[in-house]
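Below is one structure, written out as C-alpha cells, with a few remarks after it.
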Amino acid sequence: MSGHNGKVAPAAYPPPVDTQREFVKRGLDPEDELIEVGVAIVGGGTAGLSCANRLLQLLADDPETTERLGEVPVAVIEKAKTCGGHNLSGAVVRPAALQELFPDLTREQWRQEGFAFGEVTKEAVYATPTSRLAIRIPTPPPFKNHGNEVISVSALARYQQQQAEEAGAYILTETAATQLIVQDGRVVGVRSGDKGRGKDGEELGNFEPGTDVKAHATVLAEGCWGHLTGAAIREFDLAEGREPQVWELGVKEVWKVPKPLDRLIHTMGPWPLKIAPKYGQIGGTWIYPMTNARGEHLVSIGFVVELEYADATTSAHDLLQTFKTHSLVRGILEGGERIAWGAKALPGGGYWSMPKLSMPGALLVGDSGGMVDTMALKGVHHCVKSGMLAAESIYAALKRGSEDLSGYEEAIERSSVGRELWEVRNARQPLQKGLIFGAPLSGIQQITKGRLPGRADWHRNDAKPMFVGDTKDVYPKPDGKYTFDKLSSVFITGNATRDDAPNHIRVQKRVPREVAETWRWMCPAGVYEIPEDAPEHGTVDVIVNYTNCVQCGAITAKGGRLTTPEGGDGPLYQIL
Ligand SMILES: Cc1cc2nc3c(=O)[nH]c(=O)nc-3n(C[C@H](O)[C@H](O)[C@H](O)COP(=O)(O)OP(=O)(O)OC[C@H]3O[C@@H](n4cnc5c(N)ncnc54)[C@H](O)[C@@H]3O)c2cc1C
Ligand code: SF4
C-alpha cells in the first residue's frame with residue numbers, strides 16, 4: 001500500500017469517523033431539557049446572517065406568524081467568538097444581492113459601516129511565466145469586475161450580526177452545533193457541543209454539557225462543506241446522482257501599503273506553480289485595493305490552489321510567500337506592513353456538484369450548498385441570495401401551515417444563483433486534466449456557456465495519487481518582515497484555542513509518507529508534523545498539533561475530517 005513515491009491516494013487512508021453514528025442524534029431530549037426556537041440557523045457567516053436578516057424583515061410585518069415561532073423566532077448558532085471570526089474571502093463582490101437585502105443602505109454607507117472599501121474602476125490580468133516577468137493579457141470574462149465592490153466578509157458578518165440582533169435574532173456565538181437531530185425522518189434541530197472537556201474528553205472543572213436546540217426549520221449555513229452538512233448529505237442521500245465535490249484552498253494577507261493601488265489585479269501563472277501535468281497544479285492569485293474609512297491604503301493579496309494537485313509539497317501558504325517575491329508584487333507591497341493573515345477552503349465543483357438543497361425540516365445555503373463560481377472566484381452574492389431565498393421559502397411554508405420546504409430548490413434554480421452557476425457548469429472540469437490540455441477546453445465551455453454536449457465529470461481530490469515532488473524548492477526562506485512562516489502567520493489570527501482542548505481533527509496517525517507529507521505541506525497552519533527520525537519511505541507517524549488549526553477545512557478534501565472544535569476556539573479574523 002505504501003512507500004513507492006507516486007502511488008498513494010489519501011482516500012486509501014480514510015479518517016476514523018462514523019458520521020451517522022457520531023454526528024446524527026436520533027430524537028430530542030425531554031422538553032424541559034432543551035431550548036426551543038423558531039428557525040435555527042447554523043453558521044453566522046454571509047449566508048446564515050442574510051437568511052436571518054431576510055426572515056426578520058418578513059416577520060417584522062407579521063406578528064401572528066412571529067408569535068407562532070415562539071419566544072425565540074430566529075436563532076443563529078456560530079462557533080467563532082463573534083460572527084465574522086471564522087469568515088474569509090477575497091473578496092470582490094457583485095453588489096446586487098446585498099443591495100436587494102438592504103435596499104436603504106447605499107454603497108457609500110457600506111464603506112462608512114466599515115465592511116466595504118471601494119468600487120472597482122480599473123483592472124488588469126497578468127500571466128507570470130517567471131518570477132520577474134508579468135505579461136498583461138486581455139481580461140477573460142470571469143475576471144471582469146468593473147463596478148464590483150471590494151469588501152471584508154468578516155466585517156460584513158459583524159455588521160449583519162448587529163442588524164439581526166437589533167431586529168430580534170438570538171445569536172449564540174462561541175457555540176458549535178455538533179449533531180444534527182433527526183426524528184421520524186425529519187431534521188428537528190441541532191445539538192450544541194459540550195464545553196470544558198480536556199484532551200482525552202474528560203470533564204474539567206468548568207464543564208458545561210451541550211443542549212438540544214429544537215426548531216421548526218433548520219438552515220445549514222456552515223460554509224465550505226460543514227460538519228453537519230456532511231452528516232445531512234449522508235443521512236438524506238443528498239449527493240445522489242451528483243458529481244463529487246472538489247475543493248480549492250486560499251491563503252490571504254492584508255497589507256497596509258505606502259501608496260494606493262489603482263487597479264484590481266489577477267495573475268494566472270504558471271509561475272510559481274509547475275505546468276507539467278504530473279504536478280496536477282492549477283491556481284491563481286489576486287491583489288485587490290482597499291481604502292478604509294480613515295483613508296488608509298490597504299491591499300488584499302491571496303493565492304488559491306485547487307486541491308487536485310499531485311505533488312505533496314504543494315503549500316498554498318508558501319506559494320503566496322513565493323508569489324510576493326515577484327517583481328510585480330514587490331512594487332506594491334514593499335515598504336508596507338502585513339496586518340492580517342488567514343486561510344480557507346472553498347467548494348469548486350459548481351453546478352453539477354451541488355447536493356440536493358432541501359431535506360425534511362432543513363435547507364442548505366451558501367457554500368454549504370456548493371454555490372460558488374470558482375471560474376470567477378465568486379460566492380458572496382450567491383450566499384446572500386440563497387440565504388434570502390431560504391428565508392422566503394421558510395416563511396411561505398409557515399404561512400401555508402406546511403412543513404414542506406422543497407420549494408426552495410426550485411427558487412434557487414430560477415434565481416440568479418441557478419442561472420449563473422448553470423452557465424459555467426462545464427467550465428472547471430476540463431482543468432482536472434491539467435492546464436495545457438484543460439485550459440483551451442475550459443475556454444470554449446466559457447464562451448459557449450457550457451453548451452458543448454454532455455455533463456463533464458470528475459473525481460474526488462482525495463482519490464488523486466500523491467508523490468513527494470520538488471514544488472517546495474521555490475519557497476523562500478521567511479524573513480519575518482516580508483515573507484513569513486506558518487506559525488507567525490497563525491499567531492496574528494488571534495487564535496485562542498486552549499492547549500488542553502480535545503482534538504477536533506480526525507486523521508489516521510500512521511500513514512505512508514506521501515500522505516503525511518501532503519498534510520504537512522497543505523495545512524496553512526502547520527498542524528501536521530512528521531518526526532525527524534521517521535523513515536524516508538514507507539509508513540510514518542503523524543503528530544497533530546490541532547490547537548494551531550484555523551479551521552480552513554482543506555483536510556476534509558485530502559483524506560481527513562475537520563469536526564467542530566469547542567465553541568469560541570480558532571481564529572478571530574477582523575478584516576478578511
Ligand atoms: C480564498 C477565498 C477567496 C474568495 N474570493 C471571493 C471573492 O473575491 N468574491 C466572492 O464573491 N467570493 C469569494 N470567495 C467565496 C466566498 O468567500 C464564499 O462563497 C462565502 O464567503 C461563503 O459564505 P458562507 O456564509 O456560505 O460560509 P462561511 O463564510 O464559511 O460562514 C460559515 C459560518 O458558519 C460557522 N460554522 C460552520 N459550522 C458550524 C457549526 N457546526 N456550528 C456553528 N458554527 C458553524 C463558521 O464558523 C462560519 O462563521 C472566496 C472564498 C475563499 C475561500
Ligand atoms: S488542520 Fe486541517 S482544517 Fe485545520 S488549518 Fe490545517 S488543513 Fe485547515
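We count ligands from 1, going down the list as the structure has it; atoms in each ligand are counted the same way. From a predicted model like this one, the values you see are computed outputs, not experimental measurements. When reading the values below, keep in mind they use all heavy atoms of this one structure, side chains included, and skip hydrogens, waters and symmetry mates.
- Less than 4.0 angstrom separates some heavy atom of His86 from each of these atoms of ligand 1: 47 (O).
- In the vicinity of Tyr528, heavy-atom distances shorter than 4.0 Å reach the ligand 2 atoms 1 (S), 2 (Fe).
- Side-chain rings of His266 and Tyr288 approach one another, their centers coming within less than 6.0 Å.
- The closest side-chain heavy-atom distance from Gln508 to Pro15 is not below 4.5 Å.
- Trp521 and Thr314 share no side-chain donor-acceptor pair at under 3.5 Å.
- In this structure, the side chain to side chain donor-acceptor pair (under 3.5 Å) partners of Arg520, at least two apart in sequence or on a different chain, are Glu517.
- For ligand 1 and Gly45, the ligand atoms under 4.0 Å from any heavy atom of the residue are 25 (O), 31 (O), 33 (C).
- Regarding atom 9 (N) of ligand 1, its nearest protein heavy-atom neighbour is Val92 O, 2.9 Å.
- If you number the atoms of ligand 1 from 1 as listed, the ones under 4.0 Å from a heavy atom of Val372 come out as 19 (O).
- Remark: minimum distance from atom 34 (O) of ligand 1 to any protein heavy atom is reached at Gly43 CA, 3.1 Å.
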Scan the side chains in residues 170-178 for donor-acceptor partners under 3.5 Å anywhere in the protein, sequence neighbours excluded, and list what turns up.
| residue | atom | partner | partner atom | Å |
| --- | --- | --- | --- | --- |
| Thr175 | OG1 | Thr173 | O | 2.8 |
| Thr178 | OG1 | Arg191 | O | 3.2 |

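- When non-hydrogen atoms are compared, ligand 1 lies under 4.0 Å from the side chain of Thr564 (C-beta onward) but not from its backbone.
- Of the heavy atoms in Ala157, none comes closer than 4.0 Å to ligand 1.
- Considering both main-chain and side-chain atoms, Val93 never comes within under 3.5 Å of ligand 1 through any nitrogen or oxygen pair.
- For atom 49 (O) of ligand 1, the closest non-hydrogen atom of the protein is Glu78 OE1, 2.6 Å.
- Ligand 1 has a nitrogen or oxygen under 3.5 angstrom from a nitrogen or oxygen of Leu377.
- The distance from ligand 1 to the heavy atoms of Thr175 drops below 4.0 Å at these ligand atoms: 43 (C).
- Looking only at heavy atoms of the protein, atom 37 (C) of ligand 1 is closest to Glu222 O, 3.2 Å.
- Among Cys224, Ala91, Cys383, the residue whose heavy atom sits closest to atom 24 (P) of ligand 1 is Cys383.
- Atoms of ligand 1 found under 4.0 Å from any heavy atom of Leu88 (numbered from 1 in listed order, with element): 1 (C), 17 (O).
- Taking only nitrogen or oxygen atoms, main chain and side chain alike, Ala176 does not reach within less than 3.5 Å of ligand 1.
- Taking a 4.0 Å cut-off on heavy atoms, Gly302 fails to register as neighbouring ligand 1.
- Between the side chains of Thr229 and Ser368, at least one donor N or O lies within less than 3.5 Å of an accepting N or O.
- Counted by atom type alone, Glu529 and Asn545 present one or more donor-acceptor pairs between their side chains at under 3.5 Å.
- In this structure, Tyr159 has its ring center under 6.0 Å from that of Phe102.
- In terms of protein heavy-atom proximity, atom 30 (O) of ligand 1 is closest to Lys344 CE, 3.1 Å.
- Listed by chain and number, the protein atoms of type N/O/S under 2.8 Å from atom 4 (Fe) of ligand 2 are Cys549 SG; waters are omitted.
- At least one test fails for Arg419 against the ring of Trp422: distance under 6.0 Å to the centre or angle within 45° of the axis.
- Side-chain N/O atoms of Asn495 and Thr493 include no donor and acceptor closer than 3.5 Å.
- Other residues, nucleotides and ligands contribute at most 12 non-hydrogen atoms within 6.0 Å of the CZ atom of Arg234.
- Remark: Arg338 engages Glu253 in a salt bridge (charged side-chain N to carboxylate O under 4.0 Å, His left out) (not counting sequence neighbours).
- Remark: ligand 1 atoms within the under-4.0 Å shell around heavy atoms of Thr46 are 25 (O).
- Of the candidates Val42, Asn87, Leu172, Asp367, it is Asn87 that places a heavy atom closest to atom 48 (C) of ligand 1.
- Side chains of Asp318 and Lys486 form a contact here, defined as non-hydrogen atoms less than 4.5 Å apart.
- At a threshold of 4.5 Å between non-hydrogen side-chain atoms, the residues Leu298 and Ile339 count as touching.
- Proximity to Ala47 (heavy-atom distance under 4.0 Å) selects the following atoms of ligand 1: 25 (O), 26 (O).
- Lys79 CE, 3.7 Å is the protein heavy atom nearest to atom 36 (N) of ligand 1.
- Cation-pi geometry between Lys252 and Tyr573 is not met: the NZ or CZ atom fails to fall both under 6.0 Å from the ring centre and inside 45° of the normal.
- Annotation: atom 50 (C) of ligand 1 to nearest protein heavy atom, Ser89 OG, 3.6 Å.
- Between Asp485 and Ser488, the side chains place a donor N or O and an acceptor N or O closer than 3.5 Å (distance only, hydrogens not considered).
- For the residue pair Gln160 and Thr46, no side-chain donor N or O sits within less than 3.5 Å of a side-chain acceptor on the partner.
- Evaluated by nearest non-hydrogen atom to atom 52 (C) of ligand 1, the leading choice among Leu346, Val384, Leu180, Asn148 is Leu346.
- Comment: Lys378 does not engage Glu420 in a salt bridge, judged by the lack of any side-chain N to carboxylate O separation of less than 4.0 angstrom.
- Nearest to atom 15 (C) of ligand 1 among the protein's heavy atoms is Gly379 N, 3.8 Å.
- Taking a cut-off of under 4.0 Å to the non-hydrogen atoms of Gly366, the atoms of ligand 1 that pass are 26 (O).
- Put simply, no part of Thr178 is less than 4.0 Å from ligand 1, judged by heavy atoms.
- In this structure the side chain of Ile282 never reaches within 4.5 angstrom of the side chain of Leu273, judged on heavy atoms.
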